[in-house]
There are 2 protein chains.
Amino acid sequence: MTGSHPGPPAGGLRTTGVQDGPAGAGVAPGTQVAVTVVGRTSGDGTGGTGTSSTGRRERKKTATRAAIRDAAMRLAVRHGVENVTLEQVAAEADIALRTFFNYFSSKEEAVVAGAAGDFLAFVAEFRARPRGESVLQALREAALAVLDRAVTDDRDHLAALLVIRSERSLVPQLLAALAAQEDVLADAIAARLEPAAAASVYPRLCATTALAGMRIALDRWLAGAADTGAVPSFAVLRSELDAVLGELAAGLDRPGTPG
Amino acid sequence: MTGSHPGPPAGGLRTTGVQDGPAGAGVAPGTQVAVTVVGRTSGDGTGGTGTSSTGRRERKKTATRAAIRDAAMRLAVRHGVENVTLEQVAAEADIALRTFFNYFSSKEEAVVAGAAGDFLAFVAEFRARPRGESVLQALREAALAVLDRAVTDDRDHLAALLVIRSERSLVPQLLAALAAQEDVLADAIAARLEPAAAASVYPRLCATTALAGMRIALDRWLAGAADTGAVPSFAVLRSELDAVLGELAAGLDRPGTPG
DNA sequence: CCTCATGGTGCACGACGTGCATCTGTGCAC
DNA sequence: GTGCACAGATGCACGTCGTGCACCATGAGG
């Protein structure tokens with residue numbers, strides 16, 4: 001249910017001064033965004049808006065897509081991505097091999113599709129944030145909302161992330177999925193700014209950096225998960241994210257050693 | 001060589017206050033780094049140190065590797081990556097098809113290998129920067145040195161970059177090559193800092209962000225090249241880079257609209 | 001000159017990915 | 001309800017990719 005977790009003092013960003021949005025920086029109570037993750041539409045994969053069903057046809061398609069994605073992930077978790085053939089995936093999803101390619105163009109794409117959906121949801125969530133929040137603040141809240149949902153709603157989701165993280169052959173595909181959202185997020189960021197700022201490098205840079213930051217925070221969190229075996233707390237993930245965003249807000253330069 | 005170009009007032013970063021390195025922030029005159037790009041060693045591809053020839057064997061290997069890389073790039077430029085088969089590449093490089101896989105594991109990897117080498121050189125260059133420079137300052141100078149060499153020394157290099165930029169199927173491979181350098185660069189950055197800072201997220205974040213920033217600056221520059229057709233000036237590239245680094249130094253947050 | 005190690009090559013084979021023709025079920029108009 | 005038009009699923013064929021294995025050729029070292 002997208003519960004916003006209790007957790008430690010929601011410190012927000014230690015933004016060193018730039019931002020000074022309205023007091024309680026948390027989510028405005030009525031602003032539940034919801035996003036409906038399910039979407040992923042169909043053919044194009046760019047993330048069209050038509051989530052609502054035109055009818056049974058659309059529903060079946062999204063169901064098939066989800067079935068393939070889940071089958072691919074399930075098999076990848078069990079046997080390792082490299083050791084799974086598309087034929088097996090097709091069998092597991094109960095479709096013809098040929099049909100697989102109507103939905104995904106490669107095994108890797110199917111396995112990563114879940115995570116790619118999260119990025120999509122992240123951007124959507126960001127768009128829905130109240131305009132009073134600073135850019136990084138809104139990015140933070142959007143990220144937390146998506147990650148919260150991803151980690152709590154679905155236990156398999158965590159296993160999926162761990163597989164993606166550990167399997168080397170998935171890295172390119174994952175990064176590509178991430179990069180695919182850069183432009184969309186950049187537009188969303190630009191929409192929050194005055195024309196002057198919107199026309200600069202800033203939106204693009206901020207979008208790319210924010211997505212990279214999420215990747216890093218998540219990676220470090222998952223690294224902890226991989227080490228200890230136990231599922232780390234959501235609070236840890238939040239602090240990782242805040243650390244990253246704090247650095248980005250404060251500026252990345254560091255003086256050299258005078259000597 | 002590696003002439004440092006005349007160009008407009010080498011303004012360095014407008015770092016808003018954090019950094020305050022020694023006066024003339026430019027390259028210390030005697031500190032030519034040199035890096036010897038040629039390297040790329042051989043098998044592992046991780047960038048081992050043994051550039052020097054153990055003998056004819058090593059030399060032949062690097063020559064073969066370069067021949068394959070150049071052949072792949074040449075054909076990709078001429079016919080488009082998708083329309084080139086490995087058989088053609090092998091023929092162009094005058095090797096057996098089977099031999100191709102002794103050097104690269106895919107067509108895309110071969111085409112991108114040139115750019116990947118640049119990233120490697122970038123990290124090496126950064127390591128060699130004087131410790132007096134701030135982190136972003138050193139990153140800037142390293143980037144300029146590599147880009148300068150890449151753009152001026154070799155006219156084909158620019159064509160290569162344009163192909164990589166335009167071909168969608170190369171994106172994942174390119175990003176993967178970039179990501180492969182993140183950890184190395186992060187270590188190099190950490191080596192410049194006190195233990196406390198070195199142990200934080202900062203090095204990793206800064207490394208990832210810097211590489212992403214280079215990608216963005218280069219992308220925008222190449223976009224200009226693609227539009228106008230003409231080869232844009234190196235000064236433009238430098239200003240793109242400075243804009244990016246300036247933003248990163250100043251911090252990425254932007255206040256929300258109060259209303 | 002002999003021997004060893006390393007890299008190049010040919011071969012076989014399974015997996016990947018796509019174009020094309022066909023079949024089936026849905027959406028829709030009547 | 002009936003029938004038409006089309007989107008999507010499937011089967012088939014074909015070319016490319018990528019790898020394991022065995023063998024040959026050449027440089028390194030004695």
Side-chain angles (χ1 to χ4, degrees), chain A residues 40-45 48 50 52-69 71-72 75-76 79-112 168-170 172-173, chain B residues 40-45 48 50 52-69 71-72 75-76 79-113 168-170 172-173 176:
Chain A
R40 211 102 66 244
T41 348
S42 54
D44 59 357
S52 60
S53 52
T54 308
R56 176 169 14 217
R57 221 167 201 164
E58 289 300 318
R59 261 181 293 128
K60 278 203 160 188
K61 248 176 40 168
T62 57
T64 302
R65 187 181 179 84
I68 297 175
R69 170 167 47 78
L75 291 176
H79 305 119
V81 178
E82 301 300 332
N83 304 321
V84 177
T85 70
L86 290 183
E87 207 162 1
Q88 293 171 328
V89 173
E92 177 88 2
D94 194 34
I95 52 155
L97 172 60
R98 185 62 184 83
T99 303
F100 176 92
F101 295 103
N102 288 355
Y103 290 89
F104 301 99
S105 53
S106 75
K107 183 171 48 178
E108 287 73 21
E109 185 182 330
V111 175
V112 170
R168 204 141 207 84
S169 67
L170 295 180
Q173 202 65 43
Chain B
R40 211 101 66 244
T41 348
S42 53
D44 58 357
S52 61
S53 54
T54 309
R56 173 169 17 215
R57 223 163 197 165
E58 289 300 319
R59 261 179 293 129
K60 276 203 162 188
K61 248 174 44 168
T62 57
T64 301
R65 187 181 179 83
I68 297 175
R69 171 167 46 79
L75 291 176
H79 305 118
V81 178
E82 301 300 331
N83 304 320
V84 176
T85 71
L86 289 184
E87 207 162 3
Q88 293 171 329
V89 173
E92 177 88 3
D94 195 33
I95 53 156
L97 172 59
R98 184 64 184 81
T99 303
F100 176 91
F101 295 103
N102 289 356
Y103 289 89
F104 301 98
S105 53
S106 75
K107 183 171 49 180
E108 287 74 20
E109 186 182 330
V111 175
V112 169
R168 205 130 206 88
S169 67
L170 295 180
Q173 202 64 42

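Numbered from 1 within each chain, the chains take letters A, B, ... in sequence-line order.
Interatomic distance, B:Phe100 CZ to B:Glu109 CD, rounded to the nearest 0.5 Å: 7.5 Å. Once rounded to the nearest 0.5 Å, the distance linking CD of B:Glu82 with CG of B:Leu170 reads 8.0 Å. Separation of atoms CD1 (A:Ile95) and CD1 (A:Ile68) is listed at 3.5 Å; rounding is to 0.5 Å. Note that CZ of B:Arg69 is 6.5 Å distant from CZ of B:Phe104, once rounded to the nearest 0.5 Å.
Atom pair A:Arg65:CZ and D:dG8:C1' shows a separation of 14 Å (rounding to whole Å applied). Straight-line distance from the CZ atom of A:Arg59 to the P atom of C:dG27: 8 Å, rounded to whole Å. Protein atom NZ of B:Lys107 is 12 Å distant from nucleotide atom P of C:dG17, rounded to whole Å. The separation between B:Phe100 atom CZ and D:dT19 atom C1' is 14 Å, rounded to whole Å. If you take NE2 of B:His79 and P of D:dT16, they are 15 Å apart, rounded to a whole angstrom. In this entry the distance linking CG of B:Asn83 with C1' of C:dG17 reads 15 Å, nearest Å. Note: CD (B:Glu87) to P (C:dT9) measures 14 Å, nearest angstrom. Taking atom CG on A:Leu86 and atom P on C:dT18, their separation rounds to 11 Å, with Å as the unit.
The A:Thr85 side chain lies nearest to C:dA15 when the options are C:dG10, C:dA15, C:dG17. Among the nucleotides D:dG27, C:dT26, C:dA15, the one closest to any side-chain atom of A:Lys60 is C:dT26. Closest approach to the B:Arg56 side chain among D:dA28, C:dG27, D:dA9 is made by D:dA28 (side chain taken as heavy atoms from C-beta onward).
When all heavy atoms of A:Leu86 and A:Lys107 are compared, the pair lying nearest together is CD2-CB, 3.7 Å. When all heavy atoms of A:Glu92 and A:Ala71 are compared, the closest pair comes out as CG-CB, 3.4 Å.
No engagement by A:Leu97 is indicated, since no non-hydrogen atom pair under 4.0 Å with the nucleic acid exists.
The side chain of A:Tyr103 contributes an N or O atom lying less than 4.0 Å from OP1 or OP2 of D:dA9. Checking the phosphate oxygens (OP1, OP2) of C:dG8, a side-chain nitrogen or oxygen of B:Asn102 falls inside 4.0 Å.
A donor-acceptor contact under 3.5 Å is formed by the side chain of A:Arg98 with the base of C:dG19.
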Using a cutoff of under 3.5 Å, can you pull out all pairs of nitrogen or oxygen atoms linking the protein to nucleotides 2-6 of chain C, with atom names and distances?
residue	atom	partner	partner atom	Å
C:dA5	N3	B:Arg57	NH2	3.3
C:dT6	O2	B:Arg57	NH2	2.7

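The backbone N or O of B:Thr85 lies less than 3.5 Å from a partner atom in the side chain of B:Gln88, making a donor-acceptor pair.
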